[in-house]
Number of protein chains: 2
Amino acid sequence: MGAKGPTLHQVADRAGVSIATVSRVARGLDHISAETRGRVLAAIDELNYRPSHFGRALVKRRHGTLGIVFPGLRGPYYAEVIHGFEVEAVAAGMSLLILGTELLPNADTQVLGMADRADGLAVMGGTIGDDLIQRLAARGVPIVTMARPQLAGIPNARVDNYASTLALVTHLIQYHGYDRLEFVGNIMGAPDAVERWRGFVQAHLDAELTPPDEPLSSAYEQASGVQAALRVLDLARRPRAVVCGNDEIATGMLSTLAASGVRVPDEIAVTGWDDGPFARYATPPLTTVSQPARALGQQTARTLLVLIERGESIEHEVVLTTEPIIRASCGCPFDPATGFTMANGDRNPFKEGAPIDELIEADSTANTRHREIALTGG
Amino acid sequence: MGAKGPTLHQVADRAGVSIATVSRVARGLDHISAETRGRVLAAIDELNYRPSHFGRALVKRRHGTLGIVFPGLRGPYYAEVIHGFEVEAVAAGMSLLILGTELLPNADTQVLGMADRADGLAVMGGTIGDDLIQRLAARGVPIVTMARPQLAGIPNARVDNYASTLALVTHLIQYHGYDRLEFVGNIMGAPDAVERWRGFVQAHLDAELTPPDEPLSSAYEQASGVQAALRVLDLARRPRAVVCGNDEIATGMLSTLAASGVRVPDEIAVTGWDDGPFARYATPPLTTVSQPARALGQQTARTLLVLIERGESIEHEVVLTTEPIIRASCGCPFDPATGFTMANGDRNPFKEGAPIDELIEADSTANTRHREIALTGG
DNA sequence: CCGCACACTGTAAACGTTTACGGCGAGCGA
DNA sequence: TCGCTCGCCGTAAACGTTTACAGTGTGCGG
């Protein structure tokens, strides 16, 4: 037990050759006589030799590892992003080092530590400060950011939060005629969220409505959603629709409203963001915005991979498209059996008022549907 | 960019000392004169020196890394387990190497590869074959299994699937009087699921009912839940209750039944497993079983850590308790506002028929509530 | 028969640490 | 003054690879 595995030397001794030869055979190089190769292979097999990652990494100066930094590990969104990232990483023969900074005060140290055990880093949204990111980049650590605005000189992958929120809220205002809405979510430290808020505000301006002064602040979990629902119910003037920063908030909102006897969407409409796994199965089925979380992870990994490959820093930016998924919680008629909004007539709900069925369901090929908006190689 | 950072040698040159001294200063060891230390520290700072993980790892023969292998990365359950694992890992100063074998055919190779870049491995349920696990253990790789039955000589952490399923189904049969039930889930390759099925069957036998011959096979996702629901509705004799293998299946089931005009729980009762984040907010709120997923991850990490520490193999087994969470989908009256099942009288629903409120809600301290059943240190 | 190309293999120097060991002063007791 | 201890620091040998370079032997053309 705990055997420290045989080394090149032991194999070499047993096969009666030098370590260089064993190394070559182990890596499957040419210019080895069939006979020698046989002997070495046999020795490798008998001793159960496996090349040491330590030795290899030291001389190649490569960890063979990609690092990814998240604010937290929970929630379907992060899971999906990580999954996409992981797929690309293993496809490239890299391992995945993961770090959730959660509420740890020493997050910066953790990230620093990760930086010198990975060949490159991907960092999510509002995880660590811009200064740290810049410092790492300056130190020569390949680093790419995701789910946040671009940082000068640092490759970035993100999702378009503004346009589809604008479209969604316009749908609520123009098509459904709702005139008083609330936005619930926490703007601070969540770059994605401020863009959503911006879209929310703009939709009001477009319709010559005055938006609320500020969002109803809330963390992005169900429990916070129920808190928010309680506050909404306490409002002097109840909103006609509540635009939630993500699906979890919307879910908490939905169930709390229902429990309070408020009919959704008849009295208050509710929307989410993410189109997570449960959105479709909520009651009523949740109108939300689908974002290509997995593709985001994949794009980030790919960018990081080429960044590492080149050694030099590159200018690279990817923006993936998102789209409103119209179900029932906004007030549209929706048939859960088919997954289609049931309405006839015009195809553009944002202008003329009729829901469009192309927008309805994110299918399994959703990732490929999200077009890459901008991509400037360095 | 891409600078290969300064080494001990460069710092030593600059400070006019030997590399040994720099190494000692860098690690904060004693027996260094204040003056020398100052010079070295200055040099370190000026050159922006950071010790190379490569060199360190090579001589210490330690990666400083824990590996964790999963069948997949998605779903709240896995996310929670990983999170627990990660918390313990970073607390011990270890990084987390993660691998989702998904559907990859070369999973074994991947795991092998991970084995020699981590100081120890944790592998989840039905991810890789028993033989591979044994082989790794024999090779001296610290390895612990989780969410599966114990393997001889290999530390294991799991959750009690049998008892609480038995309790839950007994509740359905004895308290609610349901006499015809179905179980939906996939037994194959999911060690946890077979235990749940076993509890399901036993509850029937205890009540002198004949259980169905086999589970309604289904993957553990919402989409599979809707498929299963469709099959349930097609059954010649509809069940009075459907026990689902996890919350996702139950969710798909719930929404599909509702969409088909079947009233839950009045016509068909539904239960889940996991008590995931959405269970409480489903319509109707889902009766399910709470398992301490995060604690499972933590326990596994801790076990792995001591296994690595000792070097020798240890005998260790942890079984965490689970508990039925009675909400409304089983037919109990439930007040979503308070989170309490509304019923009076007896405190044990499984024997006498009255729901018990202690069982009702898993709160944020849930993890600590789950007692460690067995723990035999080696 | 000589020399050269070529296929194969060995030698040794990296890669960047940690650490056992030894050297060198200074201080101090005898 | 001698010698011992002790604090400080340097030397050098690991750790397990990869790889430039040098060697060996064989075949073959001239």
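By convention in this document, chain letters (A, B, ...) are assigned in the order of the sequence lines, proteins followed by strands, and residues within each chain are numbered from 1.
- Distances shown here put every side-chain N or O of A:T36 at or beyond 4.0 Å from the OP1 or OP2 atom of C:dC8.
- Atom C1' of nucleotide D:dC21 and atom NE2 of A:H31 are separated by 15 Å, given to the nearest angstrom.
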Got a list of side-chain donor-acceptor pairs under 3.5 Å for residues 51-59 of chain A, not counting sequence neighbours?
unit_1, atom_1, unit_2, atom_2, d
A:S52, OG, A:F54, N, 3.0
A:S52, OG, A:G55, N, 3.2
A:H53, ND1, B:R117, NH2, 3.3
A:H53, NE2, A:H63, O, 3.4

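- In this model, the phosphate group of C:dG10 is approached by a side-chain N or O of A:T21 to a distance below 4.0 Å at OP1 or OP2.
- Side chain to side chain, A:T145 and A:N156 meet the donor-acceptor criterion of an N or O pair below 3.5 Å.
- The ring-ring contact (aromatic ring centres under 6.0 Å, His included) test applied to A:Y78 returns A:F70, not counting sequence neighbours.
- Nearest to the side chain of B:S18, among D:dC8, D:dT11, C:dG10, sits D:dT11.
- With axes fitted over five pairs at each extremity, the angle between the ends of the helix from C:dC1-D:dG30 to C:dA30-D:dT1 is 70° (10° resolution).
- By the salt bridge (Lys or Arg N to Asp or Glu O under 4.0 Å) test, B:R148 pairs with B:D130, sequence neighbours left out.
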Readout for nucleotides 13-18 of chain C: B = base within 4.0 Å of protein heavy atom, S = sugar-phosphate only, - = neither; 5' to 3' it is --BBBB
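- Every pair passing side-chain hydrogen bond (donor to acceptor under 3.5 Å, both in side chains) that includes a residue from residues 29-39 of chain B is listed here, sequence neighbours excluded: B:S33-B:T36, B:E35-B:R39.
- We find that CZ of A:R37 is positioned 9 Å from P of C:dC8, with the value rounded to whole Å.
- By the side-chain contact (heavy atoms from CB on, under 4.5 Å) test, B:V90 pairs with A:L99, A:L104, A:Q110, B:E86, sequence neighbours left out.
- Sorted pairs that involve residues 89-109 of chain A and meet salt bridge (charged side-chain N to carboxylate O under 4.0 Å, His left out), not counting sequence neighbours, are lacking altogether.
- Atoms CG (B:L29) and P (D:dC9) sit 12 Å apart, rounded to a whole Å.
- Listed by first and then second residue, the salt bridge (charged side-chain N to carboxylate O under 4.0 Å, His left out) pairs involving residues 63-78 of chain A are A:R74-B:E80 (not counting sequence neighbours).
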